[in-house]
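Note on naming: letters A, B, ... go to the chains in the order of the sequence lines (proteins, then strands), and numbering restarts at 1 for each one. Values below: all heavy atoms of this structure, side chains included; hydrogens, waters and symmetry mates excluded. No experiment lies behind these values; they were computed from the predicted model shown.
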2 protein chains.
Amino acid sequence: MEDIPPRTRIQTENRRRILDAALDAFSAQGFRGATLDQIARAAGLSKPNLLYYFPSKEAMHIALIEALMDTWLDPLRKLDPEGDPVDEIVGYVLRKLDLARDFPRESRLFANEIVQGAPNILPHITGPLKTLVDDKATLIAGWSRSGRLTPVDPHHLIFSIWATTQHYADFDAQVRGILAPANDAHFGDARVFLEQLYRRALTPG
Amino acid sequence: MEDIPPRTRIQTENRRRILDAALDAFSAQGFRGATLDQIARAAGLSKPNLLYYFPSKEAMHIALIEALMDTWLDPLRKLDPEGDPVDEIVGYVLRKLDLARDFPRESRLFANEIVQGAPNILPHITGPLKTLVDDKATLIAGWSRSGRLTPVDPHHLIFSIWATTQHYADFDAQVRGILAPANDAHFGDARVFLEQLYRRALTPG
DNA sequence: CAAGAGTTTGACCAAATGGTCAGGATCACG
DNA sequence: CGTGATCCTGACCATTTGGTCAAACTCTTG
């Protein structure tokens, strides 16, 4: 639960490098697929040195996931009850898509964890995450009731937004294999498509 | 490439049991997370016996993925140029959702593979899969041009359908954690939501 | 039922892997 | 500059894991 904050500069810097290397490894090969040797090499440290900063491989994994959860849900928290419903949701979609483009490793780390049954974060999902989602679902339901948003199941709307946006990070290999783009240009097309999809589906009338 | 077909009844039965156990293991824990001992125990066979039927762990993985690819893309192949465009696409969505409900292990196996960079199936993705998708994208683009479908980027439409439907298999742990359903009832709600989402977004006018 | 093909297994192995530890190097600071 | 705290490492260890193999068992069929 409580993190003892790093004290020295060396600690700050080395913990950062370790977590960065570990994020590379875990997101690309899953928890079991990543090895300490590999992480150590990428971080430029020796294996025992890794274990000087983190008591175990699992501790690195947990540290990464906890750090992730914080920022990951930020776009959802920003859903503003005062704004225009359709604009708010479209804005959420686009912010989430930005996250997928800018933090694909974090997205894949999360995906790996959930696909394998969420062994380390089920409590978080059924706790704070569920609370937040239920809260925003109520907001969306209110918008629907007021007629400013097409009536939809709010939970499944949120699921669909997660799915469509994270898809570009998690299934990047497939997307690139099919589109064969030289760069990240396809994110622009995805932006246009998703905005249109949700705007048309959610605008009443 | 070429499979030597099993000859005896024992071979047929044991290969089936091994692949079933391997699918359980690989889909739940990824390729590296699954162990031969675990698969052997689940299949009710000894570890050396496993390796009598398959030359290596990887051979099991490849056999599973190849078997999967075949049926996985069937719904997309069924997109009928003669049908009503919106109905065809909605039908595709619902068929894909049925697959996610009925074959979640296969979906997760595929997800694990892609998230980790599709090391074993990139050729298939850039080959036959891309060909099929490009073909159907052309069909959808034609529907759009004829005015019977809202103009959309066909590739991203297909991606969004994959994402929203497979989400219910791949992120099952998260969906259940948030909805806390006692059974598979949420698939009914997903059905209603997705049909509405795509029908509203794609119907012209 | 004899015999060869097909099937199964216990014992074993090499490599990989997460982790430990005693001691040495380096740094911060009085 | 001395000294205690912090940082780092080579050597080592136990376990796990994918895979091998010779021998034994069982099934089929002439």
Side-chain angles (χ1 to χ4, degrees), chain A residues 3-66 109 112-113 116 119-120, chain B residues 3-66 109 112-113 116 119-120:
Chain A
D3 267 356
I4 288 94
R7 284 146 210 279
T8 75
R9 293 179 180 186
I10 295 180
Q11 263 186 47
T12 309
E13 166 67 5
N14 280 352
R15 283 180 65 100
R16 197 194 55 71
R17 284 168 60 176
I18 292 171
L19 287 179
D20 190 68
L23 179 55
D24 266 354
F26 289 146
S27 67
Q29 307 175 255
F31 178 72
R32 294 218 36 187
T35 73
L36 288 183
D37 288 286
Q38 177 189 25
I39 295 171
R41 216 177 313 124
L45 298 171
S46 69
K47 187 168 64 165
N49 207 2
L50 246 61
L51 295 162
Y52 171 75
Y53 289 101
F54 292 88
S56 70
K57 184 185 176 185
E58 198 179 1
M60 299 175 204
H61 195 233
I62 291 175
L64 281 172
I65 288 188
E66 284 186 353
L109 177 73
N112 265 305
E113 176 72 8
Q116 302 188 10
N120 282 314
Chain B
D3 267 354
I4 290 94
R7 286 145 209 280
T8 74
R9 294 182 180 182
I10 295 180
Q11 264 184 45
T12 308
E13 165 68 4
N14 281 352
R15 284 181 63 100
R16 199 195 52 74
R17 284 168 59 176
I18 291 170
L19 287 179
D20 190 68
L23 178 55
D24 266 355
F26 290 146
S27 67
Q29 308 175 252
F31 178 72
R32 296 219 32 189
T35 73
L36 288 182
D37 287 286
Q38 176 190 23
I39 295 171
R41 215 177 313 126
L45 298 172
S46 69
K47 187 167 64 164
N49 207 1
L50 246 60
L51 294 162
Y52 171 77
Y53 289 100
F54 292 88
S56 69
K57 184 185 175 185
E58 196 177 1
M60 298 174 203
H61 194 232
I62 291 175
L64 280 172
I65 288 187
E66 283 185 355
L109 177 74
N112 266 306
E113 176 72 7
Q116 302 187 7
N120 282 314

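Of the candidate nucleotides D:dT6, D:dG18, D:dT9, D:dT6 has the atom nearest to the side chain of A:Gln11. The B:Leu36 side chain lies nearest to D:dG19 when the options are D:dT6, C:dT17, D:dG19. Distance from the side chain of A:Asn49 is smallest for D:dT9 among the nucleotides D:dT9, C:dT7, D:dG19.
In terms of position along DNA chain D, the nucleotide closest to A:Tyr52 lies nearer the 5' end than the nucleotide closest to the other residue of the pair A:Tyr52 and A:Pro48. Summary of the strand contacts: B:Arg32 and B:Asn14 both lie near DNA chain C, and taking for each the nucleotide with the nearest heavy atom, the more 5' one is attributed to B:Asn14.
Taking atom CE of B:Met60 as the reference point, atom C1' of D:dG19 lies 11 Å away to the nearest angstrom. Separating the CD atom of B:Gln38 from the P atom of D:dT15 is a distance of 20 Å, rounded to the nearest angstrom. In this structure, the CZ atom of B:Arg9 is 16 Å from the C1' atom of D:dT26, given to the nearest Å. For the pair A:Phe26 CZ and C:dT17 C1', the interatomic distance rounds to 13 Å; values are reported in whole Å. Here the P atom of nucleotide C:dC21 and the CG atom of A:Leu50 are 18 Å apart, to the nearest Å. C:dC12 atom P lies 19 Å from atom CG of B:Leu51, rounded to whole Å. Rounding to whole angstrom units, CD1 of residue A:Ile10 and C1' of D:dT9 are separated by 15 Å. The CZ atom of A:Phe31 sits 13 Å away from the P atom of C:dT17 (whole-angstrom rounding).
The aromatic rings of A:Phe26 and A:His61 lie perpendicular to each other, with more than 60° between the two planes, well past the 30° mark.
Remark: B:Ile62 CD1 to B:Asn120 CG distance equals 5.0 Å, nearest 0.5 Å.
As judged by a 4.0 angstrom heavy-atom cut-off over every strand, B:Phe54 is placed among residues making no nucleic acid contact. Among the atoms of the strands shown, none is found under 4.0 Å from any heavy atom of A:Ala40.
The phosphate of D:dC7 (OP1 or OP2) has a side-chain N or O of A:Thr8 nearer than 4.0 angstrom.
Of the N and O atoms on the side chains of A:Asn112 and A:Gln29, not one donor lies less than 3.5 Å from an acceptor on the other residue.
Among all heavy-atom pairs drawn from A:Ala21 and A:Ala42, the shortest one is CB-CB, 3.8 Å. When all heavy atoms of A:Leu19 and A:Leu64 are compared, the closest pair comes out as O-CD2, 3.6 Å.
Contact annotation: side chain of A:Lys57 to base of C:dG19, donor-acceptor pair absent below 3.5 Å.
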